[in-house]
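To start, the structure itself, in structure tokens.
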Amino acid sequence: YVIAFRDEAHPLLEGANTSENVATFTITDTGPGIDEDGITFLTDNRGSGVKAYYVTDKPRSVEDPTKNESLWNELPVPQHSINVDYEITSTNPIFVWSKDECGNVGYIAEGETTAHPGEPAVFQPTKVRVEDADGNPIKEYYVIGDKPIIVLPPDDEVPDHPQDPENNKFSGWVSPTPGGGTVDVTPGTESGTDKPVKPDGDHTIVIRPNYSTDMAKIVYLGNGGDVVTPSGSVASYD
């Protein structure tokens with residue numbers, strides 16, 4: 001006997017940062033399909049399998065695998081889900097094409113319910129430029145997504161304050177804002193047009209060390225006891 005079905009569902013596509021300058025795209029087939037035994041009909045949205053993909057930072061007017069079939073990266077065997085690593089080298093948008101075993105080209109982005117037939121998914125990279133207090137570069141890298149700050153230099157690599165290193169000590173990282181202020185940043189800080197950290201017109205955010213003259217002494221008594229403050233008051237804890 002022969003099992004026939006109509007699969008018009010497009011692959012599901014997700015993108016995530018895995019390290020500096022590297023994005024991982026997960027392509028998962030959806031819709032009806034045939035199980036690995038080649039016989040069993042699947043109706044639980046597992047799909048037949050991802051057949052091919054193409055990732056590029058060239059616009060479709062230059063590179064379009066639907067018009068140039070040689071661009072497709074064909075898989076030896078269709079797979080339900082695959083991970084594709086891609087090195088990010090600029091802030092050019094990244095176009096991710098996918099095609100399933102039934103020839104459906106397009107994508108359904110995470111959280112969406114409507115397919116975009118024949119269209120690639122588009123990811124906008126952000127350049128993170130880490131500078132010292134004078135604006136000299138320390139490092140830079142590219143990422144995708146709305147949480148671009150994934151790595152900061154360790155504290156022991158932070159340069160001393162350029163004018164008064166004795167009294168100004170490193171107190172964390174900040175990102176300058178258009179109004180002349182700063183926003184505190186840590187790995188995982190979100191950015192975007194409606195977020196505290198806003199990329200500039202070149203899709204770049206700047207991270208700089210912040211310094212402070214405020215000092216505090218913390219005393220830890222392992223077995224409990226009293227701490228006498230300069231004013232003479234006593235703080236007890238155990």
Side-chain angles (χ1 to χ4, degrees), residues 13-27 53-65 68 71 73 83-98 106-107 109-112 116 119-155 157-163 170-211:
L13 182 63
E14 300 172 274
N17 296 308
T18 49
S19 65
E20 297 177 2
N21 305 314
V22 176
T24 296
F25 300 106
T26 301
I27 306 172
Y53 67 90
Y54 186 61
V55 185
T56 180
D57 64 356
K58 304 295 190 300
R60 67 183 308 174
S61 60
V62 177
E63 294 185 356
D64 186 341
N68 183 359
L71 293 175
N73 294 294
N83 291 323
V84 178
D85 289 339
Y86 181 79
E87 182 179 3
I88 313 173
T89 59
S90 73
T91 56
N92 293 337
I94 300 171
F95 302 89
V96 186
W97 299 82
S98 59
Y107 75 100
E110 182 181 12
E112 293 185 346
H116 302 265
E119 295 289 335
V122 183
F123 295 84
Q124 175 59 60
T126 298
K127 177 192 284 188
V128 180
R129 188 169 67 240
V130 184
E131 301 177 343
D132 65 16
D134 291 329
N136 300 310
I138 296 176
K139 66 181 300 184
E140 65 180 31
Y141 59 88
Y142 298 94
V143 292
I144 60 171
D146 59 359
K147 296 183 179 180
I149 305 165
I150 59 174
V151 177
L152 289 170
D155 290 359
E157 293 183 8
V158 177
D160 291 335
H161 189 275
Q163 282 82 40
F170 173 66
S171 62
W173 295 91
V174 296
S175 180
T177 60
T182 59
V183 176
D184 293 336
V185 296
T186 59
T189 298
E190 293 186 346
S191 74
T193 55
D194 59 346
K195 305 294 183 180
V197 178
K198 296 176 175 58
D200 63 18
D202 295 324
H203 306 287
T204 300
I205 60 176
V206 175
I207 307 298
R208 292 175 182 161
N210 191 38
Y211 301 89

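Not measured: the values here are computed from a predicted model.
- Interatomic distance, OH of Tyr211 versus NE2 of His161, reported as 7.0 Å (0.5 Å rounding).
- When all heavy atoms of Ile138 and Trp173 are compared, the closest pair comes out as CD1-CH2, 4.4 Å.
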Contacts table for residues 175-185: side-chain donor-acceptor under 3.5 angstrom, sequence neighbours left out:
| unit_1 | atom_1 | unit_2 | atom_2 | d |
| --- | --- | --- | --- | --- |
| Ser175 | OG | Val206 | O | 2.9 |
| Thr177 | OG1 | Gly181 | N | 3.1 |
| Thr177 | OG1 | Gly181 | O | 3.1 |

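- Under the 3.5 Å distance criterion, the side-chain polar atoms of Thr193 are left unmatched by any main-chain donor or acceptor of Lys198.
- Atom-to-atom distance recorded for His203:NE2 and Lys127:NZ is 11.5 Å, nearest 0.5 angstrom.
- Residue Thr186 holds its OG1 atom at 8.0 Å from CG of Leu152, rounded to the nearest 0.5 Å.
- Inspection of the Asn83 and Thr24 side chains reveals no N or O donor paired with an N or O acceptor under 3.5 Å.
- In this structure, the separation between CG on Asn17 and CD1 on Ile150 is 5.0 Å, given to the nearest 0.5 Å.
- A tilted orientation is assigned to the rings of Tyr86 and Phe25, their planes being inclined by 30° to 60°.
- Heavy-atom minimum distance, Tyr107 versus Ala121: CD2-N, 3.6 Å.
- Distance check: Ile144 CD1 to Ile94 CD1 gives 6.0 Å after rounding to the nearest 0.5 Å.
- A donor-acceptor pair under 3.5 Å links the side-chain atoms of Asn73 to the main chain of Tyr53, judged by distance alone.
- Summarising the geometry, atom OH belonging to Tyr142 is positioned 11.0 Å from atom OG1 belonging to Thr126; distances are rounded to the nearest 0.5 Å.
- Nearest approach of Pro153 to Lys139, heavy atoms of both residues: CG-CD, 4.0 Å.
- Between the side chain of Ser171 and the main chain of Asn210, a donor-acceptor pair closer than 3.5 Å is present.
- Residue Val128 comes nearest to Pro148 through the heavy atom pair CG2-O, 3.6 Å, listed as atom of the first residue, atom of the second, then distance.
- Annotation: salt bridge (Lys or Arg N to Asp or Glu O under 4.0 Å) contacts involving residues 53-65, sequence neighbours excluded, comprise Arg60-Asp64, Arg60-Glu119.
- For Asp146 (side chain) and Ser191 (main-chain N/O), no donor-acceptor pair under 3.5 Å exists by modelled atom type.
- No side-chain donor-acceptor contact under 3.5 Å links Asp134 to the backbone of Asn136.
- Closest non-hydrogen pair, Leu71 versus Tyr54, comes out as O-CD1, 3.1 Å.
- Thr204 and Asp202 share no donor-acceptor pair across their side chains, judged by distance under 3.5 Å alone.
- For the pair Ile88 and Val22, the minimum side-chain heavy-atom distance is 4.5 Å or more.
- Pairing each heavy atom of Pro93 with each of Gln124, the nearest pair is CG-OE1, 3.6 Å.
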